[in-house]
There are 2 protein chains.
Amino acid sequence: MGVIEKTRAAPAVTTLPLGEILRDDCVAAMARLPDASVDMIFADPPYNLQLGGDLFRPEGGRVAAVDDHWDKFDSFAAYDAFTRAWLAEARRILKPNGTIWVIGSYHNIFRVGAAIQDQGYWILNDIVWRKANPMPNFRGTRFTNAHETLIWAAKGEKSRYTFNYRAMKSLNDELQMRSDWVLPICGGQERVKTGGVKAHPTQKPEALIYRILLACTKRGDVVLDPFFGTGTTGAVAKRLGRQWIGIEREPAYCKVAERRIADALPLDESATSTMQSPRTAPKVAFGTLVETGMLVPGTRLVDAKRRWSAEVRADGSLLSDDVSGSIHQVGAKLQGAPSCNGWTFWHLEGSAGLTPIDSLRQTYILATEP
Amino acid sequence: MGVIEKTRAAPAVTTLPLGEILRDDCVAAMARLPDASVDMIFADPPYNLQLGGDLFRPEGGRVAAVDDHWDKFDSFAAYDAFTRAWLAEARRILKPNGTIWVIGSYHNIFRVGAAIQDQGYWILNDIVWRKANPMPNFRGTRFTNAHETLIWAAKGEKSRYTFNYRAMKSLNDELQMRSDWVLPICGGQERVKTGGVKAHPTQKPEALIYRILLACTKRGDVVLDPFFGTGTTGAVAKRLGRQWIGIEREPAYCKVAERRIADALPLDESATSTMQSPRTAPKVAFGTLVETGMLVPGTRLVDAKRRWSAEVRADGSLLSDDVSGSIHQVGAKLQGAPSCNGWTFWHLEGSAGLTPIDSLRQTYILATEP
DNA sequence: GTGACGAGTGAATCCTTCA
DNA sequence: TTGAAGGATTCACTCGTCA
């Protein structure tokens, strides 16, 4: 393994540079690869974030922005031209039955997806990576941006692409793998650092690439990553016994990636390593019962002894005289207690007596779980 | 309420047809509405399910199903023309601070999103509706398509859009509402049926629209749905005390929607009131709590860890050793922080422990609400 | 060793009003 | 229009320190 230096008018290769990082612009590097030669392309292109000024956390710290030069584009048109150029080269070097994966956020994914469709790729799924631990929205101005989107597409409509259905089902407790994946973001030991600071602002978790390679490639397949960064794709490919090719323009990232992949262990030796396991999905909120109509706003709830009552409001809060808040908060405040489990404290008055609202939650879970 | 019949060369309206279903093509109907007149648009357009027969050209002609590459581009172009036409009219009739919501799947959402950005809308979030009970992938050839995507966008980058942050937080058990929403699909009693069969193939769950209207509109706001279908938007708007306008071309759907909305029951005002953000709540100065006697001058306040304390003075300022000023200023200065939210920083010492002074403000707001 | 506690951080298009 | 001042705002997780 090594880094292939960018050269003036480099000739097209005759044998694939397997296990190499091509240090060059991604379009130029792909242009030197032969037609129909790779099985999968995983691409994590710049998102074109268009961030404004600084953003501060409530406690005063400043949020580290992605302000790198490689994420700056003059206009949507410029971003589109860039996107269509690399997608076209990617499609040329993809085998007829190969597939492409691209990850993005709402800043860029719609433009990428439209370009993919326009170029004749055939979208197979869009996958949502639901982040178990996203950064909050500090100013309370929008919904927490808690996911990213991946597009999985074949080279064409008639492609006989690889999908390891059984592997995915077994990875998911014998249930079909769905289009929404809950995975933690990349941090802790896995996050590559140089001199104590993160080596790359947008490093992806290995678990994400792991699932993709496991689902859509066979052992020995060639995986190309035209935006290699710190080499996550290479490290996972090596672990899973897949061949890989990386393309990365920044020498600093190349260096980091090279060392990282050299350290990566192939599967049988790393089987016991600490791959992050998926986290459990968020639990049922009281408000969901209101939204879904199981509880109508205006309904009165009472405690088991009928000492207190409160009214359900449209946003799932309770109102009792001059106290309002969550089912837990209002229960605690009325009792003068430091805390309260609202699920067991509050009850519905029915013909057969009182029912704790927790039983509604159980009903909801039973009705909606697979 | 009633259905407005499509008429030849219908004149532009001077007053908004609130609570009406306009039976017409959506672009033609919107063209008759005045500029900057609606607060929100919710749109559930045709998904362009890869030439399945639901795609119509802007002029009404049906797109022939072909799989030639160029013709495929041609059909995408037709879908784009249709999309851009209705999005442009929608933007014209949207108020400057209004927002639009569009729902779609991977078949169409990338084209819709790109068009939204191209027309100058400003995307605020993409939201993933994660279906609690999706249809499985019967042939095991792809991931179970278990979600749909919504785009929330303001009319422009500088828009001062409505976002009821506190209501969303309340609905989600006092955690910020995230961009991934878990909700069941529409079925059971809620699914509208005519003669035992479902009246519409893609009826959306009321809970989805409920969350959208609660999050991004105020009571009395005007919500337009240009693809009204069975009138889910109208039914939820009526329930939540929002005004609505529907546009639907198919007479059968109009009829179903009309009856459905007539049956919907509005919630009374107290039930639709929600947790207020300090930003939107009537502003309460700290001094007001002192003036009204809720806080007596001389009271000592402490932070959550009891590291600092300060005394309330008659004019609503705080005094702590040699530092005095507003609750925010003193909190910031004591911590050496650039800023501080005094409402959550300062607490009252009570028999049951510490209470943030923000809860006093909540009590005051509830007691003085009209 | 072990648990409590505090500090740090992650692809973020992140304020409003009034002079 | 612009700048200054007021004031509202965070979740899950990791790691290091200290009792």
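Within every chain, numbering begins at 1; the chains are lettered A, B, ... in the order of the sequence lines, protein sequences first and strands thereafter. Both backbone and side-chain heavy atoms feed into the values below; hydrogens, waters and symmetry mates do not.
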Side-chain heavy atoms of B:H328 within contact of B:F286, under 4.5 Å: no
Should we count NZ of A:K255 as having more than 12 external heavy atoms under 6.0 Å? no
Aromatic ring of B:W122 stacked on base six-ring of C:dT13, 5.5 Å, 30°: yes
For D:dA8, take OP1 and OP2 only and decide whether either is under 4.0 Å from a side-chain N or O of B:W343. yes
Over all strands shown, is A:S105 touching base, sugar-phosphate only, or nothing at heavy-atom distances under 4.0 angstrom? nothing
Rounding to a whole Å, what distance do you find between A:H107:NE2 and C:dT13:P? 4 Å
In whole angstrom, give me the gap between the P atoms of D:dG7 and C:dC14. 23 Å
Report which part of the nucleic acid A:G53 touches: base, sugar-phosphate, or nothing (heavy-atom distance under 4.0 Å, all strands). base
Is the phosphate of D:dT10, meaning OP1 or OP2, less than 4.0 Å from a side-chain N or O of B:R178? no
I would like to know whether B:S170 and A:R313 meet side-chain contact (heavy atoms from CB on, under 4.5 Å); could you show each step before the answer? CA-CA 10 Å; B:S170 160; A:R313 296 197 294 181; over 6 Å; no
Below 4.0 Å: OP1/OP2 of D:dC15 and any side-chain N or O of A:Q189: yes
At 4.0 Å (heavy atoms only), tell me whether A:P205 reaches a base, stays on the sugar-phosphate, or touches nothing. nothing
Please state whether the phosphate of C:dG10, meaning OP1 or OP2, lies under 4.0 angstrom from any side-chain nitrogen or oxygen of A:N133. no
C:dA11 to D:dC15 separation - P atoms, rounded to the nearest Å: 16 Å
Below 4.0 Å: OP1/OP2 of C:dC15 and any side-chain N or O of B:Y165: no
Where the side chain of B:Y121 meets the backbone of B:R91, is there a donor-acceptor pair that is under 3.5 Å apart? yes
The nucleotide from C:dA12, C:dG10, C:dC14 with an atom nearest the side chain of A:V63 is C:dA12
Take the protein atom CD1 of B:I357 and the nucleotide atom P of D:dG7, then report the distance between them rounded to whole Å. 12 Å
N/O donor-acceptor pair under 3.5 Å between B:S326 side chain and B:Q329 backbone: yes
Give none if C:dA7 has no partner; otherwise give the nucleotide forming a Watson-Crick or G-U wobble pair with it, both distances under 3.5 Å. D:dT14
Mark yes or no for a side-chain to base donor-acceptor pair under 3.5 Å between A:R57 and C:dG10, with no hydrogen or angle criteria applied. yes
Would you please confirm or rule out a distance under 4.0 Å between OP1 or OP2 of C:dT13 and any side-chain N or O of A:Y47? no
Salt-bridge test for A:K333 and A:D322: reply yes if a basic N is under 4.0 Å from a carboxylate O, no otherwise. no
Quick one: B:I123 CD1 to C:dC14 P, roughly how many Å, whole number? 14 Å
With rounding to whole Å, what would you report as the distance between D:dG6 and C:dT13 at their P atoms? 29 Å
Does B:I327 reach a base, just sugar-phosphate, or nothing at all? Heavy atoms under 4.0 Å. nothing
I want to verify a distance call: between D:dG7, C:dT16, D:dC11, whose nearest atom is closest to the B:H328 side chain? D:dG7
Under 4.0 Å from OP1 or OP2 of C:dA11: is there any side-chain N or O of A:R191 that close? yes
Starting at atom CZ of A:F56, determine the distance to atom P of D:dT10, rounded to an integer number of angstrom. 18 Å
Polar pair under 3.5 Å, donor/acceptor by atom type, side chain A:R139, base D:dT10: no
Check this for me: does any side-chain nitrogen of one of B:D180 and B:R130 sit under 4.0 Å from a carboxylate oxygen of the other? no
Quick check on C:dT9: is either OP1 or OP2 less than 4.0 Å from any side-chain nitrogen or oxygen of A:K198? no
In Watson-Crick or G-U wobble terms, both distances under 3.5 Å, what is the partner of D:dA8? none
Reading DNA chain D from 5' onward, which residue's closest nucleotide shows up sooner: B:R361 or A:G188? B:R361
Taking only N and O in the side chain of B:K169, is any of them less than 4.0 Å away from OP1 or OP2 of D:dT10? yes
CG of A:L49 versus P of C:dG10: gap in Å, rounded? 14 Å
Syn/anti label of D:dT14 as read from its glycosidic torsion, with the cut at 90° from 0: anti
Find the distance B:D126:CG to C:dA11:C1' and express it as a whole number of Å. 13 Å
How many whole angstroms separate atom CG of A:N145 from atom P of C:dA12? 8 Å
Nucleotide paired to C:dC14 in any strand shown, Watson-Crick or G-U, under 3.5 Å: none
Is the base of C:dA11 touched by the side chain of A:K204 through a donor-acceptor pair closer than 3.5 angstrom? yes
Once you round it to whole Å, what is the distance between P of C:dT13 and CG of A:L55? 9 Å
Within 6.0 Å of CG in A:D54, more than 12 heavy atoms from elsewhere: yes
